[in-house]
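Have a look at the structure below before the remarks.
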Protein chains: 2
Amino acid sequence: MPTTSRERLVAAAFELFAGQGYDATTVDEIATRAGTGRSTFFRHFPTKDDVVLPDHEALLRRVDERLATASSAGLEVALREAAGIVLEHYLAEGETARTRYRLASSVPAIRDREVASVQRYVRLFGKHVHRWLDTEPDGPLRAELVASAIVIGHNHVLRQWLRGAVDDADTTRTLVDRALDHALAVLRGPAAAGAPTIVITGGERDVEQVVQQVRAALGRP
Amino acid sequence: MPTTSRERLVAAAFELFAGQGYDATTVDEIATRAGTGRSTFFRHFPTKDDVVLPDHEALLRRVDERLATASSAGLEVALREAAGIVLEHYLAEGETARTRYRLASSVPAIRDREVASVQRYVRLFGKHVHRWLDTEPDGPLRAELVASAIVIGHNHVLRQWLRGAVDDADTTRTLVDRALDHALAVLRGPAAAGAPTIVITGGERDVEQVVQQVRAALGRP
DNA sequence: GAACTCGTTGGTACTCAGTATCGTACTAGC
DNA sequence: GCTAGTACGATACTGAGTACCAACGAGTTC
């Protein structure tokens, strides 16, 4: 079983971090346990954190590619699928992702790195959403809101899966879809200048019922 | 003018960072320029970054206090005022805040710290919004969305002021108010289970016009 | 005024992350 | 068999952050 030194380093790091904690573990120990030199560690990972962090670069690239090909009509689908790419990556990682999550929950250094990564996804989504909103009033702000809403919706459900509160992959996918309904409502509901914008989410969409609700909501029938 | 050593350290750090860059400046240099010892630096600031970062602790505490006293009816007002507390802090800081912004824009280490700080505000807002949404469906997710939307709206305008794109304080306040309209729309638009929830933002709220819009939107008149 | 706190400071020594560099072993291709 | 490229190990260095101790000055008490 001659795994690569990179893989051995990752395995050793996960074991040591779990066993004696992140701060109490030195890069020297990780390298020694992996049967390699300290130089090799830093040749594979720029910092100590990176050995347990996922490869966001590749993931961001794939998300970027999916969003870049989105047409105006297919924007929502593209956003959902882009979020799906990330979700599927984590689901495929399985237990590794969950171990990392527990680590990030207890080690501030790793948590901060993760937060910074999340920000990169928000910026990426924002870049593309902005392309579709740039003619609209408050386009840049709304693009940022939508992008962040999508990432939050996705991560909200992802965390449930990482914690083990949800275990089934299909259930997780369904929940993400529902969470993205909320997120995309932000996209559909611009604050128009002339005619008001109306967002209807959830429930049965019986016209007369909705109309009645509108009359009631506006207060003066 | 015997300023405290803490103040001298902050001043020295800003000067050196601006002059020769963040990475090229050592804590030793900062301490020497401030006419103090290296020990004194770390006695005042836990890390090198912290010397130029704002005192988020105090700010978070004040925001927390404002939100804690919010009644159900005054929730939106409380959220706006809480955001206002942060805005006023930056406006009062003036040029210092702008210098820090330029620093954070160019130094990844500082930018990451700022991103982590922003996350703390989101969590704080989320904690309080959650109290008001916990009976509603998808309360935790919606609370997170609203909290993040408020912080994004606030920061979106704040950044314009920091960059100097907006210079007048009153204009900035007005823009934040408008940005928070978008953010709070997320709060008002829950995805109800039975009856749909309807969010109407912007424009004239003439009932018949809205009803007509609803009929058109739902497609089957 | 001497002794006694107590908070602020400076100095020294240490650990460890991260960088730079050099020599070496292994492999591929000609 | 030779060479170019690549992965590796070892060493030495910088600088952030920690731990500890000794000194100084301003009260305070006897």
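Residue numbers begin at 1 in each chain, while the letters A, B, ... track the order of the sequences.
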Next item on the list: Please identify each residue that fulfils ring-ring contact (aromatic ring centres under 6.0 Å, His included) with A:Phe41, with sequence neighbours left out.
Entry: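 With sequence neighbours excluded, A:Phe41 shows a ring-ring contact (aromatic ring centres under 6.0 Å, His included) to A:Phe45, given in chain and number order.
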
Margin query: Tell me every residue that passes ring-ring contact (aromatic ring centres under 6.0 Å, His included) with B:Phe17, counting only those two or more places apart in sequence or in another chain.
Written below: B:Tyr22

Margin query: Would A:Tyr121 and A:His154 count as a side chain to side chain donor-acceptor pair (under 3.5 Å) here? Give the steps.
Written below: CA-CA 11 Å; A:Tyr121 287 93; A:His154 169 273; over 6 Å; no

Note to self: Generate the contact string for nucleotides 13-18 of chain C. Rules: B means base contact, S means sugar-phosphate contact only, - means no protein heavy atom under 4.0 Å.
What the structure shows: ---SBB

Next item on the list: List for me each residue that meets side-chain hydrogen bond (donor to acceptor under 3.5 Å, both in side chains) alongside B:Thr171, sequence neighbours excluded, and say none if there are none.
Entry: B:Asp168

Margin query: Under a 4.0 Å threshold between the charged nitrogen and the carboxylate oxygen, would A:Glu57 count as salt-bridged to A:Arg120?
Written below: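 Salt bridge present between A:Arg120 and A:Glu57.
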
Checklist line | Ion pair check, B:Glu29 and B:Arg38, cut-off under 4.0 Å | finding: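 No.
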
Notebook entry, point to check: Which distance, rounded to the nearest 0.5 Å, do you find between the CZ of B:Arg100 and the OG of B:Ser105?
Noted result: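 B:Arg100 CZ to B:Ser105 OG: 11.5 Å, rounded to 0.5 Å.
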
Check: Can you tell me how far the CZ atom of B:Arg66 sits from the CG atom of B:Leu124, to the nearest 0.5 Å?
Finding: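 So the gap between those two atoms works out to 13.0 Å.
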
Item checked: Strand-adjacent residues in residues 100-119 of chain B, judged by heavy atoms under 4.0 Å from DNA chain C -> none

Notebook entry, point to check: Are A:Ser148 and B:Ser148 close enough, and set up right, to give a side chain to side chain donor-acceptor pair (under 3.5 Å), and what steps lead you there?
Noted result: CA-CA 8 Å; A:Ser148 143; B:Ser148 143; 2.8 Å; yes

Next item on the list: Test side chain to side chain donor-acceptor pair (under 3.5 Å) on A:Thr47 and A:Asp50 and set out the steps.
Entry: CA-CA 5 Å; A:Thr47 77; A:Asp50 287 285; 2.6 Å; yes

All N/O pairs under 3.5 Å across the protein-nucleotides 6-8 of chain D interface:
from, atom 1, to, atom 2, distance (Å)
D:dC8, OP1, A:Ser5, OG, 2.6
D:dC8, OP2, A:His44, NE2, 3.0

Notebook entry, point to check: Tell me: CZ of B:Phe45 to C1' of D:dA16, nearest whole Å?
Noted result: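 Taking atom C1' of D:dA16 as the reference, CZ of B:Phe45 is at 16 Å.
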
